[in-house]
Structures are given as structure tokens and as C-alpha cells.
Undergrad: 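The structure's right below; bear with me while I get my questions together.
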Amino acid sequence: GAVVSQHPSRVICKSGTSVKIECRSLDFQATTMFWYRQFPKQSLMLMATSNEGSKATYEQGVEKDKFLINHASLTLSTLTVTSAHPEDSSFYICSARDSQSNQPQHFGDGTRLSIL
Amino acid sequence: AQSVAQPEDQVNVAEGNPLTVKCTYSVSGNPYLFWYVQYPNRGLQFLLKYITGDNLVKGSYGFEAEFNKSQTSFHLKKPSALVSDSALYFCAVRLYSGYSTLTFGKGTMLLVSP
């Protein structure tokens with residue numbers, strides 16, 4: 001089945017550090033990738049949608065300068081949390097979908113980000 | 001606008017018994033419906049989907065779901081629960097056409113006791 005690889009799985013760093021999270025689709029071309037944030041015992045909150053070669057579309061309330069998204073190829077999207085602060089600590093999950101609209105989204109294993 | 005309701009925060013069932021996790025949806029158009037499962041500190045794993053055709057959809061790990069258009073429901077079921085089925089289950093919906101985004105329910109924790 002389709003696999004989405006997300007790295008790193010866990011990051012612990014100091015406040016003010018920028019953190020990059022990678023999301024790769026391993027066996028299909030992901031024309032669209034999604035970034036979610038999940039708080040403990042809650043559902044996934046969509047942060048942004050990115051299409052290959054174009055700017056990401058951010059959901060209301062998500063700071064685009066804070067959460068930089070790059071979808072440079074059909075198999076790779078990155079999320080950079082710039083100047084991270086403790087309130088950015090969360091579980092971030094990427095997802096990818098291929099060009100056929102009836103296919104399900106496939107999810108990475110998530111990144112646990114802890115800002116000290 | 002589209003929305004998903006999972007009315008139960010938690011479902012408890014004994015191993016070997018049938019289980020049902022409820023989901024109702026609201027969407028203006030033909031829905032794509034999905035069930036995902038999440039284990040602790042992991043991403044979501046796809047279980048099954050409904051697009052068109054038979055209302056009873058079979059998926060991974062013995063799970064199935066029944067699409068009921070009149071009740072706008074898509075309940076997840078399994079005839080005999082396993083302890084290893086204990087996890088967080090999410091129902092999701094998106095529009096049939098175009099590149100609409102998935103809308104998730106809040107999730108239902110399934111606890112299967114030995």
C-alpha cells in the first residue's frame with residue numbers, strides 16, 4: 001500500500017530554534033500534501049494544504065510566516081517551524097494524496113515536537 | 001460546509017464481542033467517507049473507504065462499515081473485537097469531486113478488554 005514517510009519522529013529543542021520536518025510519499029506522486037497539528041486527545045487540525053510547485057494554502061488562524069511549507073517536488077513537502085516556542089509543542093502529522101481524487105489520503109507517522 | 005460527528009468519546013467492548021463505532025456526516029454533495037485508526041504516537045492508518053457502489057464496505061483487519069444515505073451515517077463495525085483493536089478511530093468525509101479537504105470527526109477511543 002501507499003506509504004508516507006515523515007522525519008524526524010521526535011524533536012526536542014530550545015526555544016528560538018527553527019525545526020524542519022520532512023514528508024515524503026514513497027510509492028506514489030503526491031500532487032497534494034497536507035499538514036496537520038494534533039493536540040492531546042483531540043482530532044487533527046488542518047494547518048495547510050500544499051500543491052506541488054505552488055504556494056501553500058493556510059487555514060484561518062495559522063501563521064504562514066511561522067509555519068513555512070515547501071512542496072518542491074511530487075514526493076516531498078517540508079514544514080519549517082520558525083523560531084519555535086513552547087506553545088508550538090505538539091504532534092505534527094503530514095498527509096499525501098495522489099492525483100486520482102478517489103484515493104484516500106495516506107499519513108505519515110507524525111513528529112512529536114517539544115520546545116523547552 | 002461539511003462536518004462529521006462521532007457521538008461517543010469512548011467505546012468499551014469485551015474481546016470476542018461485536019463492536020460498533022458510530023459516525024454521521026453532513027456534506028453538500030456526494031460524499032467520500034473514510035475510517036482511519038491511530039495508535040499512540042503514530043499517524044493515521046487507512047482502514048476503509050466508501051465512494052460508490054455497495055453500501056457495505058470491507059476494509060483492513062476485519063473491519064467493515066455500512067453507508068446509510070438516508071441516515072447520513074457510516075458506522076464502523078467488526079464482528080469479533082480483539083484487544084489489539086484498542087486505538088483511536090477517526091471518521092472522515094470529503095466531497096466526491098475536486099480537491100476538497102478531509103474533515104475529521106473528533107475521534108472515538110475503542111477499548112477492548114480481555
Undergrad: Tell me, with the steps shown, if A:Arg97 and B:Arg94 meet side chain to side chain contact (heavy atoms under 4.5 Å, CB included).
TA: CA-CA 13 Å; A:Arg97 195 169 83 199; B:Arg94 65 179 176 92; 3.4 Å; yes
Undergrad: Let me confirm one number: the NE2-CG distance from A:His106 to B:Leu44, rounded to the nearest 0.5 Å.
TA: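 With rounding to 0.5 Å, NE2 (A:His106) is 12.0 Å from CG (B:Leu44).
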Undergrad: Main chain of B:Gly107, side chain of A:Ser43: is a donor-acceptor contact present, judged purely on distance under 3.5 Å?
TA: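 Flag not set: sc A:Ser43 to bb B:Gly107 has no pair under 3.5 Å.
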Undergrad: Shorter than 4.5 Å, heavy atoms on both sides: which option in A:Gln105, A:Gln42, A:Arg112 has the most such pairs with chain B?
TA: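 Most pairs with chain B among the choices: A:Gln105.
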Undergrad: Could you measure the distance from the CG atom of A:Asp109 to the CD atom of B:Gln38? Nearest 0.5 Å is fine.
TA: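 Answer for the CG-CD pair, A:Asp109 versus B:Gln38, is 9.5 Å.
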Undergrad: Please say which of B:Phe46, B:Tyr36, B:Phe90 ends up in a ring-ring contact (aromatic ring centres under 6.0 Å, His included) with A:Phe107.
TA: B:Tyr36
Undergrad: If you look only at distance, which donor and acceptor atoms sit under 3.5 Å apart when one is on a side chain in residues 74-87 of chain A and the other is two or more places apart or in another chain?
TA:
from	atom 1	to	atom 2	distance (Å)
A:Thr75	OG1	A:Ser73	OG	3.4
A:Ser77	OG	A:Trp35	NE1	3.0
A:Ser77	OG	A:Asn70	O	3.4
A:Thr82	OG1	A:Asp65	O	3.1
A:Thr82	OG1	A:Lys66	O	3.1
A:His85	ND1	A:Ser15	OG	3.1
A:His85	NE2	A:Ser83	O	3.4

Undergrad: Any chance you could measure A:Thr49, atom OG1, to B:Leu102, atom CG, to the nearest 0.5 Å?
TA: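 Here the rounded value is 10.0 Å.
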Undergrad: Would you tabulate the side-chain donor-acceptor contacts of residues 12-20 of chain B under 3.5 Å, counting partners in other chains and residues two or more places apart, or write 'none'?
TA:
from	atom 1	to	atom 2	distance (Å)
B:Asn12	OD1	B:Gln10	NE2	3.0

Undergrad: More than 12 heavy atoms of other residues, nucleotides or ligands under 6.0 Å from NZ of B:Lys49: yes or no?
TA: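 For B:Lys49, atom NZ is crowded (more than 12 foreign heavy atoms under 6.0 Å).
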Undergrad: Assess whether atom OH of B:Tyr61 is packed by more than 12 heavy atoms of other residues, nucleotides or ligands within 6.0 Å.
TA: no
Undergrad: Going from OG1 on B:Thr103 to CG on A:Leu44, what distance comes out if it is rounded to the nearest 0.5 angstrom?
TA: 11.5 Å
Undergrad: Looking only at heavy atoms, which two atoms of A:Phe34 and B:Thr101 are closest? And how far apart?
TA: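 Where A:Phe34 meets B:Thr101 most closely, the heavy atoms are CE2-CG2, 3.9 Å.
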